[in-house]
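Residue numbering restarts at 1 for every chain, and letters A, B, ... go by the order of the sequence lines. The model shown is predicted, which means the values in this text are computed figures rather than measured ones.
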Amino acid sequence: MKRFILILLLLPGLLISEAQNRKGYGFSNVPVDSLARFLRAECGVPVYCVKDTSDKSLFSISSPEPLKGAAAEAFRDECFKSLRAGGYTVSEYDGKYFILPGLGLERDLPAGYFLPESVADDGSLIKYAGQQSITTTFQNKIYEIGAKGTGKGDRATVSGYIRDAVSGEPLAGVSVYDDRGVYSLSDAFGFFKIILPTGENHLNFSGYSLEDMRFTLMVNSDGGFDVNMKEKVFALTGAVVTSESQSRHRVSQMGVEKVRINAIKNVPVAFGESDVLKVVMTLPGVKTVGEVSNGFNVRGGSSDQNLILFNGAVVYNPSHMFGVLSSFNSDVISGAEIYKSSIPIEYGGRISSVLEVNSREGSSKKYSGTLGLGLLTSRLHVEGPLGGKTSFILGARTTYSDWIFGLLPKYSQMSDGSATFQDVNIGLSHRVNASNSLHLYGYLSGDRFSFSNDTAFTYNNASGSLKWRSNFSDRHSMTLSAGWSRYGYQIENSFNPPAAYRMDSGIDQWFFRSLFSSMLTDNNTLSYGISSSFYNLDRGSVTPFGEESLLEKVSLARERGIESAAYVNDTWVLNRAVTLDAGLRFTHYLSLNDKSSFPAPEFRISGKVSFTPNFSWKAGFNTMHQYIHKISDCVNISPTDTWKMSDSRLAPQEGWQAATGLYATVFGNNVDLSLEAYYKHVDNFVDYRSGAILVMNENLADELVPTESKSYGVEVMLRKTLGMLNGWISYTWSRSLQRETGDRGFETINGGRWYSTSYDKPHDLKVVANLKFTHRFSLSANFDYSTGRPVTIPVGHYLTTGVGRLLYSDRNAYRIPDYMRLDLAMIIEPGHYQKQLMHVSWTIGVYNVTGRRNPYSVFFTHEDNTIKGHMLSVMATQIPYINLNLKF
Amino acid sequence: MALLAGVSCVYDFDPEIKQLDMKYPYVIEGDILIGDYTDVLLNRAFPFQSRLPDYDLPIPIGKPLTTTPRYLRDFLAWVDCDDGTSLTGTYQVDTRPFFRIDTRNLDPDRKYRLRVMTNTVIGPEGTPVPTGPQLTYVSEWMPVSRTSEIDSLSYEVVGKEKMSIRVSTGGKEPLEGRYIKWTGKETWRYTAQLYATHQYDITSNAIVPFKLGENNHYYCWSTASVPYAMSLHLDEYAGNKLVDREIYSYGPKEAKLSNIYSVEILQQSISKDAYRFWTVMNRNTYDVGGLFSPQPSQIRGNIVNVEDSSQLVIGYISVCQVSRARLFINNKTTRFYSGVRVLPDYVIVNNPDRYMFYHRHGYGPYEIHQYPNPSQVSDSDWDWYPLDCLDCRRKGGVDVPPDFWPDNL
């Protein structure tokens with residue numbers, strides 16, 4: 001191999017020196033691939049070769065005459081003769097010569113080679129290749145891309161879809177690259193596009209838990225190339241978060257993490273319910289205020305600074321049962337992607353992050369489904385084809401925990417409580433033709449819970465979205481999406497019948513988003529588009545609840561606004577080592593209430609330098625604006641939250657983030673190491689003044705004070721993706737601080753000094769490990785440690801109105817105790833009997849193995865003239881669980 | 001959530017709290033009640049680790065002496081009128097010490113404020129005498145909020161779970177103001193566990209019957225503030241009146257309801273800022289610890305230190321008229337109270353030489369011991385019980401009814 005590399009490096013000089021040898025024209029002692037290059041370069045022979053890497057043969061051929069005309073043909077024939085003597089075959093096909101070890105080139109493909117829907121039945125390979133994509137599962141062939149003679153240059157675009165060989169489901173995140181380092185990544189639709197030099201190319205496909213594939217392509221001109229990939233049958237992989245090493249070192253984006261569905265299903269979580277959000281929270285830079293919390297915090301940002309998208313539609317409350325489970329049914333999603341730093345140009349409107357969760361496409365080949373039975377929930381999903389071009393996927397979950405409440409002792413004060421939720425997902429995918437596909441998604445969920453029989457909380461999420469994906473040429477593609485999402489929440493309180501009320505609030509959002517992508521040159525891709533959202537915010541209404549209620553209906557004025565953006569981004573691959581991304585996003589928000597207008601430019605810049613194929617450095621800078629704000633004095637996303645749009649009295653939040661990182665893949669590409677550092681600053685960050693009343697307040701802006709926030713930190717991640725033992729370790733050191741910018745005299749929060757945000761947890765260590773000791777049995781562990789979050793607690797007490805009251809500290813001046821938890825799970829996979837009608841898998845585990853009483857919150861009461869401190873621990877003991885999954 | 005309920009718990013939490021690097025703030029109470037008396041109370045906040053004084057003078061029976069009063073006495077207070085006049089008052093002691101200013105005859109069309117000077121007492125010549133660094137605190141100037149009359153004050157037993165105290169107002173005349181605050185002073189009669197007919201006479205070392213008319217400390221009265229300063233926003237209610245609006249409630253095990261319970265409710269019309277203050281004050285006190293509980297935050301009110309406005313002082317002084325109403329609830333009528341009082345063990349003392357010993361250890365005679373065999377019964381063998389069972393004053397009350405207590409109750 002070393003010799004081969006040396007020859008390659010010296011080849012240009014070698015060729016020149018040999019060609020100009022005054023004693024003759026030719027070469028001596030060169031391997032077969034050098035011979036082929038010589039023929040192409042000096043004799044103009046269209047020759048391609050596949051070298052037997054074990055072959056050490058060297059060839060020496062010379063001609064006394066310059067290699068032109070008949071002399072060149074004679075020299076070519078002499079070369080072919082020597083090659084045949086050396087065990088190679090030389091096949092001629094369509095004026096091109098193919099040098100192959102052993103058997104010659106097969107001109108006809110075996111019967112059943114193409115998938116039925118992809119095969120043109122005229123029997124003409126050339127015609128077929130020139131008209132539509134090749135679909136392949138075999139690697140040891142040469143595939144012709146494009147019709148010969150139609151190429152317009154020395155480059156051509158190869159594009160296509162990558163699908164699962166069994167289900168036909170699109171595979172996202174598959175790395176596509178040639179031997180020279182040209183790189184592409186399949187998108188959510190399984191679509192990839194790569195520019196290759198015409199002629200012979202080797203194209204590699206590498207994806208998480210998929211068999212690596214390598215193809216030899218004969219690229220004539222632009223053309224399609226679809227690939228069906230198989231799951232690694234013996235892959236000893238499990239809990240793996242992948243942004244594959246290949247992609248990590250080749251793109252300039254940073255702060256991006258992908259969570260695969262396999263990882264989701266193998267990380268132990270409370271009650272054994274697979275949960276994408278719980279896995280996202282194990283990633284560096286992602287934190288939560290408690291183990292039963294609806295939101296999450298990314299790099300020191302508040303929970304409302306995360307744009308959570310489900311099939312493109314915004315999700316305002318991503319949780320069920322106040323945070324025990326997420327809203328995303330793991331049976332119907334393909335995975336999740338979180339952007340902490342380099343936010344894609346088409347997304348905006350939130351300061352901190354974008355979490356993109358997408359549904360899977362239903363199988364286009366066969367009907368299948370799963371049935372899951374757990375302690376809290378049951379779930380069912382079915383999928384399959386609807387005709388030749390359409391597939392569907394349908395998932396539903398419900399809970400049946402109510403009956404357990406009756407078993408609780410009366411003193412628990414929750415025996416009258418209840419908690420229910422349901423959600424339904426539906427997805428329809430239709431391939432109009434090879435270049436166009438339509439995707440329709442629907443989601444509906446409802447939650448209702450109460451802690452006593454006189455107060456009930458309800459919230460619901462609903463969304464519908466339509467995506468049109470089109471590749472209207474080999475270098476141009478388009479994704480259009482439009483839809484609607486709604487988040488509504490209600491509180492019913494009948495504690496005091498004359499004052500019983502029902503409070504309703506909600507957000508409706510209509511959106512349109514477009515993204516066009518054009519490959520301007522081989523190394524330059526332009527992405528651009530426009531987007532717009534219309535917000536209709538019902539800030540709240542109170543209506544009498546029950547016949548005895550004396551309340552009058554009160555409704556706050558609705559808020560409406562339009563957020564629009566136009567954006568353009570250029571990805572420029574300078575060379576194999578350097579890639580730059582530069583984007584400009586012009587955003588505009590118009591409040592339809594007071595006609596206030598907020599135009600603002602945003603910049604997205606990132607770049608990477610690869611020092612070696614496995615070691616790279618990246619840096620990025622983003623600016624963001626946010627026009628919708630969650631106003632809450634609760635650390636959690638709660639039904640009592642109030643949402644508010646920007647207007648003349650509440651300026652948009654303005655943030656920027658600078659980040660840099662080092663990435664290395666070591667130990668035979670088995671271990672990824674990353675080190676990222678960031679600094680983020682936000683102006684017009686919203687906090688509430690002491691004693692604020694936020695619920696049903698017509699003049700909410702009066703309760704708010706402008707602050708600025710800064711957050712900074714270092715994130716380290718070590719990830720092992722393959723082998724019996726795999727998983728990741730992430731550690732984050734970070735701070736998140738804010739301070740009031742105005743001067744309100746003695747009422748200024750903490751005297752105008754910097755203070756910790758409610759989610760400032762400096763140390764955060766997470767370990768996820770999966771030991772797959774046989775193909776069916778694996779053991780998973782999850783360890784979580786973090787500094788306790790800041791709280792405001794009493795520093796003294798006093799009497800007023802004859803009642804003991806608490807004197808509170810400066811805001812967030814203290815912390816609750818640190819958090820630490822270990823979970824273990826045993827996963828028993830089904831056997832690999834293909835003809836089995838139903839595959840059964842079990843998950844048996846224990847959440848919080850050590851039974852540590854981790855604090856969710858601390859609070860204080862005044863009892864017997866003293867202050868009594870209390871700590872609420874939500875998961876205060878070991879929680880065993882068992883889950884049964886049936887796959888049919 | 002069911003499982004959550006099963007696995008979630010509340011544990012004791014004892015944090016390390018740093019002492020403030022400043023004096024703990026003053027707390028000033030004393031709404032200026034136009035047409036009534038204005039009672040001003042002053043105390044100081046105490047450090048986290050300290051215990052608030054349990055009582056003020058007079059020290060209840062059986063309670064140890066205290067050196068730290070609940071309420072301060074060395075201060076003066078004035079009600080300033082925007083016409084330049086000021087009224088001051090006198091120091092008084094009821095169940096707690098307070099400074100009373102007669103504001104019955106003040107003009108309701110003017111603005112007023114409260115002014116308090118700490119560390120000051122009135123000297124023998126009637127002039128202020130400092131007892132320490134004198135600090136002056138003033139509330140903001142405020143107009144008088146007109147308050148509507150309370151139409152009725154009633155109670156209702158809701159199921160067997162709740163005794164609801166309710167108020168109606170605005171039925172006779174349109175309600176004044178948009179925000180109402182209710183405070184209350186509750187007085188309840190209770191009994192000792194045992195009705196003692198005899199007592200130990202220390203001078204004769206004998207058990208003697210109570211004399212005719214002598215108080216055997218069976219009935220006592222205790223007084224406290226209603227533990228909820230309830231406030232509400234009237235705009236939320238239909239018809240510009242309130243009918244049977246619950247202002248607080250008790251459960252069936254509340255000992256105050258065991259015999260006869262009385263409460264005097266004060267209704268005040270307050271400003272929006274005052275409403276905010278009391279709402280947040282209650283929220284900080286009672287709505288804590290839940291999954292969706294708001295984060296507490298310190299509030300100040302409308303009082304400032306004249307010399308240093310940044311200094312923290314707690315309190316909100318409203319200027320308003322007041323309406324009062326009183327209610328009596330007799331457990332014989334409602335049969336609501338379901339608490340159980342368990343008698344402690346008694347001792348049989350059959351030797352007069354031991355009387356003094358048990359007396360000193362807090363016991364008293366109740367009845368002659370009843371042996372199973374009547375022939376064994378002896379006049380010298382008495383059951384002695386802890387005095388807490390025999391003398392109601394040891395529960396903190398007094399054995400004299402307050403002035404307003406009807407003779408027939």
Pair count under 4.5 Å, heavy atoms only, with chain A: among B:Leu41, B:Ile299, B:Val304, B:Asp12, highest is B:Asp12

Of B:Asp244, B:Asp14, B:Val243, B:Val158, the largest count of non-hydrogen pairs under 4.5 angstrom with chain A goes to B:Val243

The interface call for B:Glu16 against chain A, heavy-atom contacts under 4.5 Å, is backbone

When the 4.5 angstrom heavy-atom criterion is applied to B:Ile28 and chain A, the contacting part is neither

With a 4.0 Å cut-off on N to O distance, would you call [X] and [Y] a salt bridge?
{"X": "B:Arg300", "Y": "A:Glu747", "answer": "no"}
{"X": "B:Lys162", "Y": "B:Glu246", "answer": "yes"}
{"X": "B:Lys241", "Y": "B:Asp151", "answer": "no"}

Measuring only between side-chain heavy atoms, which start at C-beta, is B:Ser168 closer than 4.5 Å to B:Leu242? no

Got B:Val263 and B:Thr187 here, is their nearest side-chain heavy-atom distance under 4.5 Å? no

For chain B, which of [options] has the most heavy-atom pairs under 4.5 Å?
{"options": "A:Arg811, A:Arg853, A:His870, A:Met696", "result": "A:Arg853"}
{"options": "A:Tyr798, A:Tyr501, A:Phe860", "result": "A:Tyr798"}
{"options": "A:Ala692, A:Pro544, A:Ser809", "result": "A:Ala692"}

Chain B heavy atoms under 4.5 Å from [X]: which part of the residue, side chain, backbone, both or neither?
{"X": "A:His862", "result": "side chain"}
{"X": "A:Tyr688", "result": "side chain"}
{"X": "A:Asp864", "result": "both"}
{"X": "A:Glu703", "result": "side chain"}
{"X": "A:Ile749", "result": "neither"}

- Query: Does a side chain donor of either A:Arg805 or B:Thr285 reach within less than 3.5 Å of an acceptor in the other side chain?
  - Reply: yes

May I ask you to check whether B:Tyr316 and B:Ser271 show a side-chain donor-acceptor distance below 3.5 Å?
yes

- Is there a side chain to side chain donor-acceptor pair (under 3.5 Å) between B:Glu186 and B:Thr223 once you walk through the steps? CA-CA 6 Å; B:Glu186 53 189 1; B:Thr223 298; over 6 Å; no

